[in-house]
Amino acid sequence: MIQIPFLDLHLINARYREELITAVTSVIDSGWYIQGQQVKAFEQEFGEYCGAKHCVGVANGLDALILVLRAWKELGKLEEGDEVIVPANTYIASILAITENGLKPVLIEPDENTYNLCPDNMARVITARTKAVLAVHLYGQLAPMPEIMALAEQHNLLVLEDSAQAHGANSKDKKAGNWGHASGFSFYPGKNLGALGDAGAITTNDDALAEALRALGNYGSHQKYRNIYQGVNSRLDEMQAAMLRVKLSHLDADTAHRRKIASLYRERITNPCVLLPQVTEQSSHVWHLFVVRTVYRDQLQRYLSEQGIQTLIHYPIPPHKQQAYPQLADRHLPLTEKIHDEALSLPISPVMSMEDVAQVCEAINRFRPAAVPETFS
Ligand SMILES: *Cc1c(COP(=O)(O)O)cnc(C)c1O
């Protein structure tokens, strides 16, 4: 029996039930369901929230990343076969966006402490064929963007942020979505800013890119029946946009709650076999996930499950070990593989009570592993 769920999506949205119903009703009654006022208003509001000049709604987070790279190809900034540097321990979507465009992912080991892109490792793999870097803000913490931007400038690289886990993460008064040349966001229901279905967006300060993106996600067309690109259909719809406007107005309060949970976890979890996440700067982390590491990961997960505490693994198999990518299987990425063997995500959400957090801490502190880690048995 689950007593403390990993994430209670029903409860998350139930808090705003009345507001969401009002928003949805206004869309139903408007008679306008695609590319209308709600999308326009959400793009304006979310762009402003991120501090970016443009926001373009799309169908989901994967499309956001795919379309930016595609637009850079259309604008002559990327060519098939160009290399894109990306941390090896990211979610598969980051890699899919690169290979979908016929580009070559160059997987690098992350920073061991933050699990984010490591600028030293990035510098080491830059060659004449390197044209872009995909900076993933993993688990909700900003990648070291000042260092990444400086390196990118030095080598003339495009920087795409994968901000799918980092809505509102902030450093030096600059948020996720306003550091790179473009940024992809997901509003998948479980993300910090979650729709009630699939949705995504791109932010950028580049006028030409924004214009190309608007066409590419709409059959390659700005004007009905005139197609300048072989585009796709990837649009944010009015229903999701209306609900996202409601959710956006509560995002900062939700983030504040996540930060309270994270600081309690960091203060109270004292079991020496559990490694806590490291924070570079308080405001740069929005705690999409609270990921601890332990060599006794599978034992700890089972133990917590027996006490009604649900945990998840982000992620069990790294992209280079996926069946989908036999061409990446020979990469030597021991740190990435170690992280995948040891990572465990504890429950965290805007509706989790502090009593539940305390209970998880106590359970973890009581945990005593069997003598030999399972990985060595
Ligand atoms: C969720 C996620 C995506 C993809 O978003 P979808 O909306 O599910 O397509 C991309 N990158 C990262 C890091 C994610 O966590």
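None of the values given here were measured: they were computed from a predicted structure. Just follow the structure's listing: the first ligand is 1, and inside any ligand the first atom is 1.
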Quiz item: So how far is it from Arg266 CZ to Ile261 CD1, rounded to the nearest 0.5 Å?
Solution: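 Going from CZ on Arg266 over to CD1 on Ile261, the span is 14.0 Å.
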Quiz item: Can you say whether the rings of His167 and Phe185 are parallel (under 30°), tilted (30 to 60°) or perpendicular (over 60°)?
Solution: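 Tilted: the ring planes of His167 and Phe185 meet at 30° to 60°.
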Self-check item: Partner residues of Gln359 under the side chain to side chain contact (heavy atoms under 4.5 Å, CB included) criterion, sequence neighbours left out
Solution: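 Side chain to side chain contact (heavy atoms under 4.5 Å, CB included) list for Gln359, sorted by chain: Gln3, Ile4, Asp356.
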Could you pull out the N/O contacts under 3.5 angstrom between ligand 1 and the surrounding protein atoms?
from     : atom 1 : to     : atom 2 : distance (Å)
ligand 1 : 5 (O)  : Ser186 : OG     : 3.2
ligand 1 : 7 (O)  : Gly61  : N      : 2.7
ligand 1 : 7 (O)  : Ser186 : OG     : 2.6
ligand 1 : 9 (O)  : Gly61  : N      : 3.3
ligand 1 : 9 (O)  : Leu62  : N      : 2.9
ligand 1 : 11 (N) : Asp162 : OD1    : 3.2
ligand 1 : 11 (N) : Asp162 : OD2    : 2.7
ligand 1 : 15 (O) : Gln165 : NE2    : 2.8
ligand 1 : 15 (O) : Lys191 : NZ     : 3.1

Practice problem: Applying side chain to side chain donor-acceptor pair (under 3.5 Å), name anything that partners Glu48, two or more places apart in sequence or on another chain. | Solution: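 In terms of side chain to side chain donor-acceptor pair (under 3.5 Å), with neighbours along the sequence ignored, Glu48 is linked to Gln44.
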Quiz item: What residues, two or more places apart in sequence or in another chain, satisfy side chain to side chain contact (heavy atoms under 4.5 Å, CB included) together with Asn156?
Solution: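 For Asn156 there are no side chain to side chain contact (heavy atoms under 4.5 Å, CB included) partners, ignoring immediate neighbours.
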Quiz item: With distance as the sole test, does Lys247 use its side chain to make a donor-acceptor pair with the main-chain N or O of Gly194 at under 3.5 Å?
Solution: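 Checked: pair present.
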